[in-house]
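Notes follow the structure.
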Amino acid sequence: MKSDMFTQPENAENPIGSSAGKSRIRRVIEFISSLISLSYSIKVFPVKWQSIRNKLEELLSSLSAIENCDSTENYPPLCSSLQAITATLKNCHELSRHCVEFSYSGKLLMQSDLDIVSTKLDNHIRSISEIYSLGLLTQISAIIVPKPNLGASRDDIKFYIRDLLSRVKIGSSEMKKQGLIALNEIIQEDDRYVKVAIEIDNLVSVLVSFLDLQEDNLQEEAAKTLSIIAGFQSFRSCLISAGIISPLIRVLECGIGLSKEFATRCLQKLTENSDNAWSISAHGGVTVLLKICIEGDSLVSSVCGVLKNLVGVEEIKRFMIEEGAVSVFIKLARCKDEVTQISSIDFLQTMASGDESTRQMIMKEGGIRALARVLDPKSSSSSKAREMSLRGIVNLCFTSVNSVNILLSYGFMDHILYFLRHGDGSLQELALKAAFWLCGTSDEAKKLMGDAGFMPELVKFLDSKSFEVREMAAETLSSMVIVPRNQKRFGQNDENVGLLLQMLDPELANFGNKKLLLSILMSLTSCNSARKKIANSGYLINIEKLAEAEVSDAKKIVRKLSSNRFRSILSGIWHS
């Protein structure tokens, strides 16, 4: 006696009208649903039954979409397809019964029968899709299956996404668009939907195929979905396997709306893996990306992100240079758009990183001048653009004495002094780092900085709340006062010397790097006027306390002061 589990739904004759047709569809849908449920009870041939179950779910979604259509006349193709589907379902039901009861005659024969059913299901899915695409049915409304509630099961999520996919595949343009919009909404809300979606057969391939469509925002929505999926590193290989690179590049060339932006984002994420860089190059992507930059498109900022990933491949970087990338991005660095300006400067830095020949080319083609203009306080550049420019200047010029001379001729020293005095937050700190770097380039630079008025500004940073800022200011000063001319200039200001001595108070244990401060004072003792100010300061006691505590640098300063005081006494006696 057969179990109720194996009871087949009653099958009707071929429908006469559309209402009968819908009734027939409903019975087929119920039959498929019962088979899907039954398949979970089967313990043998799990891989083959999983494949069959996936196809049954896809067929179920397609028929559910067709059920939402109406017509005033008979459609023989639909009736014929439903009849063929019913026959296959009966066969599938019979095979499932044998598998559950282990009553099949042989494994090889059963495997062959399951393969035949699987192939038939593929044909039915294709047939239903073709019927819908030929316009044989009239859509009543684009009703989408209700979105699963929060905490829905994986099966509910999978059914919902399959339903959306069916509508995207076989629906009208409006239904396709609504399906893609719904898909985008859910995968942005919950990562679980992305993980389930990526496992559904053909979903990625269908989305990739939509990249070549330019109707009713389908391209844009598909590109958006793919860019979201590309945000998951573990799923990027699926996109590459689906052949996404070439369609994305075509979108960049002739896409519409926001499609280009989404395509660029997708490429940026995919090229984080350098292995994919060659695929971009092989499809002519580098040329297309550079063309966008040459034309000054609004996508320049996003395109720079892709090119930054590609430039890590030496051969591709050389190709970019041959195509004139350096001059293109120097020109973009001069533009007034903040985002484009910042992205271009950042890309130039990346190109030059660890590459002396490229660095020299950037300088030769006017890169330093362009960056100095951005930094100029008189320019209309934003603080963020100036910050990027300052970083770029330091990174491009730090190894070349010649480039420092060029910088100085463009007023670089005056610019960073201005931002030391008037810059806000991060820009002021970057100016301090630039001063530290410039000071280390040569003694001549130290002299020029002393003449320009850097030392009083650096002293102000010695009491900064930031440990890093205090250290950098102290190191820069320590380096500058090695030059005798700067020692004399520093000593001319009583407040400078007094503040240094005050900071050496042993009770201020966490205030400043006393070793650096003592180094500055040690250098100053080589200058008569500065040494006298130290000796006559009321805070001299702080050095004496440190000397008593056996701080070697403090002891050296005390000995030097004492020696010079003794010589002064002898000199006075000799001339009396």
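Summarising the geometry, atom NZ belonging to Lys533 is positioned 13.5 Å from atom CG belonging to Leu521; distances are rounded to the nearest 0.5 Å. Expressed to the nearest 0.5 Å, how far CG of Leu239 lies from CZ of Phe232 amounts to 11.5 Å. Note that the CG atom of Asp346 and the CZ atom of Phe329 stand 11.0 Å from one another [nearest 0.5 Å]. Atom OG1 of Thr225 sits about 10.0 Å away from atom CD1 of Ile181, to the nearest 0.5 Å. Of the inter-residue distances, the one linking Met413 atom CE with Leu408 atom CG reads 5.0 Å to the nearest 0.5 angstrom. For the atom pair Cys397 SG and Ile406 CD1, the distance stands at 7.5 Å (nearest 0.5 Å).
Salt bridge Glu315/Arg318: absent, no basic N to carboxylate O contact under 4.0 Å. With respect to the salt-bridge test (charged N to carboxylate O, under 4.0 angstrom), the residues Glu199 and Lys195 do not qualify. The pair Asp451-Arg489 meets the salt-bridge criterion, since a charged nitrogen lies less than 4.0 angstrom from a carboxylate oxygen. The residues Glu261 and Arg265 are annotated as salt-bridged, a charged nitrogen and a carboxylate oxygen being separated by less than 4.0 angstrom. For the pair Lys378 and Asp376, the salt-bridge criterion is not met [side-chain N within less than 4.0 Å of a carboxylate O]. Between Glu457 and Arg421, at least one side-chain N (NZ, or NE/NH1/NH2) sits under 4.0 Å from a carboxylate O, which counts as a salt bridge. Between Glu356 and Arg359 there is a salt bridge, since a side-chain N of the basic residue sits under 4.0 Å from a carboxylate O of the acidic one.
Here the side chains of Thr271 and Leu307 are not in contact, with every heavy-atom distance at 4.5 Å or above. You'll find the side chain of Ser234 stays beyond 4.5 Å of the side chain of Ile198, heavy atoms only. Residues Ile186 and Tyr160 meet the side-chain proximity criterion, which asks for heavy atoms closer than 4.5 Å. Contact check for Gln188 versus Asn184: side-chain heavy atoms found under the 4.5 Å cut-off. Considering only heavy atoms from C-beta on, Val328 stays 4.5 Å or farther from Leu290 through its side chain. Residues Glu475 and Leu516 meet the side-chain proximity criterion, which asks for heavy atoms closer than 4.5 Å. Counting heavy atoms from C-beta on, the side chains of Thr476 and Phe454 never come closer than 4.5 Å. Annotation: side chain of Leu407 is not in contact with side chain of Leu438 (no heavy-atom distance under 4.5 Å).
Between Val374 and Gln341, the shortest heavy-atom contact is CG2-NE2, 3.7 Å. In terms of heavy atoms, Tyr410 sits closest to Ile368 at CD1-CG2, 4.2 Å. Arg192 and Ala152 make their closest contact through NH1-O, 3.0 Å (heavy atoms, listed as atom of the first residue, atom of the second, distance). Closest non-hydrogen pair, Leu390 versus Ala434, comes out as CD1-CB, 3.9 Å. The heavy-atom pair separating Leu375 from Arg386 by the smallest distance is O-NE, 3.6 Å. The heavy-atom pair separating Leu371 from Gly392 by the smallest distance is CD1-C, 3.9 Å.
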*Derivation and outcome, side-chain contact (heavy atoms from CB on, under 4.5 Å), residues Leu183 and Glu221*: CA-CA 9 Å; Leu183 181 60; Glu221 293 297 333; over 6 Å; no
*Report the C-alpha distance between Asp463 and Leu499 in whole Å, list the side-chain angles of each, state the deciding distance to 0.1 Å, and finish with yes or no for side-chain contact (heavy atoms from CB on, under 4.5 Å).*
CA-CA 9 Å; Asp463 63 353; Leu499 182 59; 5.6 Å; no
*Do Ile157 and Tyr193 pass the side-chain contact (heavy atoms from CB on, under 4.5 Å) test, and can you show the C-alpha distance, the side-chain angles, and the key distance before you say yes or no?*
CA-CA 7 Å; Ile157 291 173; Tyr193 284 85; 3.5 Å; yes
*What's the verdict on side-chain contact (heavy atoms from CB on, under 4.5 Å) for Leu211 and Arg250, showing C-alpha distance, side-chain angles and the deciding distance?*
CA-CA 8 Å; Leu211 292 176; Arg250 287 197 293 272; over 6 Å; no
*asked:* For Lys269 and Asn309: C-alpha separation, side-chain torsions, deciding distance, then whether side-chain hydrogen bond (donor to acceptor under 3.5 Å, both in side chains) applies.
replied: CA-CA 9 Å; Lys269 293 166 186 173; Asn309 292 336; over 6 Å; no
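With Ser241 contributing its side chain and Ser237 its backbone, the two residues share a donor-acceptor pair below 3.5 Å. Between the side chain of Gln428 and the backbone N or O of Leu420 there is at least one donor-acceptor pair closer than 3.5 Å. At least one donor-acceptor pair under 3.5 Å links the side chain of Thr264 to the backbone N or O of Lys260. Under the 3.5 Å distance criterion, the side-chain polar atoms of His415 are matched with a main-chain donor or acceptor of Gly411. Distance alone, capped at 3.5 Å, places no donor-acceptor pair between the Asn542 side chain and the Leu504 backbone.
Here side chain to side chain donor-acceptor pair (under 3.5 Å) pairs that include residues 272-290, with residues two or more places apart or in two chains, are Arg236-Glu272.
Atom CD of Gln233 sits in a sparse spot, with 12 or fewer heavy atoms from other residues, nucleotides or ligands closer than 6.0 Å.
Between Phe412 and Trp437, the ring planes lie perpendicular to each other; the angle is over 60°, past the 30° to 60° tilted range.
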Would you list the atom pairs, donor with acceptor, under 3.5 Å between side chains in residues 443-450 and any protein atom, with sequence neighbours excluded?
| from | atom 1 | to | atom 2 | distance (Å) |
| --- | --- | --- | --- | --- |
| Lys446 | NZ | Cys439 | O | 3.0 |

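Side-chain contact check for Gln487 and Ser526: no donor-acceptor pair (N or O, by modelled atom type) lies under 3.5 Å.
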